[in-house]
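Keep in mind that what you see is a predicted model, and the values were worked out from it rather than measured.
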Amino acid sequence: ETMKAFLRALVRSVRAAAADPDEAVASVLKRNEGARRDVEAERLRMAIEQYVGTDWVRANGFGGIDPARWSRALDQLALGAPLKDRAKAEETFTDAFLPEESARKLAFPS
């Protein structure tokens, strides 16, 4: 239950930041005297574009994984260091603690 509550809070915060990046940056500036608005806005923009606002997240919501991409990532890892048990590696992720998919959908500014 603790993990589920944490993930609900995390998803809510990511949803809020994606929906209103200006407010998210203002929140950082209130808590960090050394932060600069332009730098924090650019960091958030990059994070949303490159890590959060992916086609997968837009279609499936934040927090899950694309099974095909996960498999390709395991293939890449195995190139550098063979996996002792590929089957266990494929069973590493679980979405059992995530909020339902509809609660993980994000709104992105246009």
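No side-chain heavy atom of F6 sits less than 4.5 Å from a side-chain heavy atom of T2. Counting heavy atoms from C-beta on, the side chains of T92 and W70 come closer than 4.5 Å.
Atom OG1 of T94 sits about 6.5 Å away from atom CZ of F97, to the nearest 0.5 Å. Atoms CG and CD1, from N60 and I65 in turn, are 11.0 Å apart once rounded to the nearest 0.5 Å. In this structure, the separation between CG on L77 and CG on D75 is 9.0 Å, given to the nearest 0.5 Å. Once rounded to the nearest 0.5 Å, the distance linking CZ of R12 with CZ of R104 reads 14.5 Å. Here the CZ atom belonging to F93 is positioned 5.0 Å from the CG atom belonging to L98, to the nearest 0.5 angstrom. Note that the CZ atom of F62 and the CG atom of L106 stand 7.0 Å from one another [nearest 0.5 Å].
Shown here is D38, whose CG atom has more than 12 heavy atoms of other residues, nucleotides or ligands within 6.0 Å. Heavy-atom neighbours of R69 CZ from other residues, nucleotides or ligands within 6.0 Å: at or below the threshold of 12.
Residues R15 and K105 share a closest heavy-atom pair of NE-O, 2.9 Å. Looking at every heavy atom in both residues, I48 comes nearest to A18 through CD1-CA, 3.9 Å. The minimum heavy-atom distance between P99 and R8, with the atom names listed, is CG-CG, 3.7 Å. In terms of heavy-atom proximity, V28 sits nearest to A35 at CG1-CB, 4.3 Å. Residue S13 comes nearest to L10 through the heavy atom pair OG-O, 2.7 Å, listed as atom of the first residue, atom of the second, then distance.
Using modelled atom types, one finds a donor on one side chain and an acceptor on the other under 3.5 Å when comparing S27 with R31.
A donor-acceptor pair under 3.5 Å is absent between the side-chain atoms of R37 and the main chain of V25, judged by distance alone.
Every residue two or more places apart in sequence or in another chain was checked for a salt bridge (Lys or Arg N to Asp or Glu O under 4.0 Å) with D95, and none qualifies.
A salt bridge does not link R36 to E40: none of the charged nitrogens lies less than 4.0 Å from a carboxylate oxygen.
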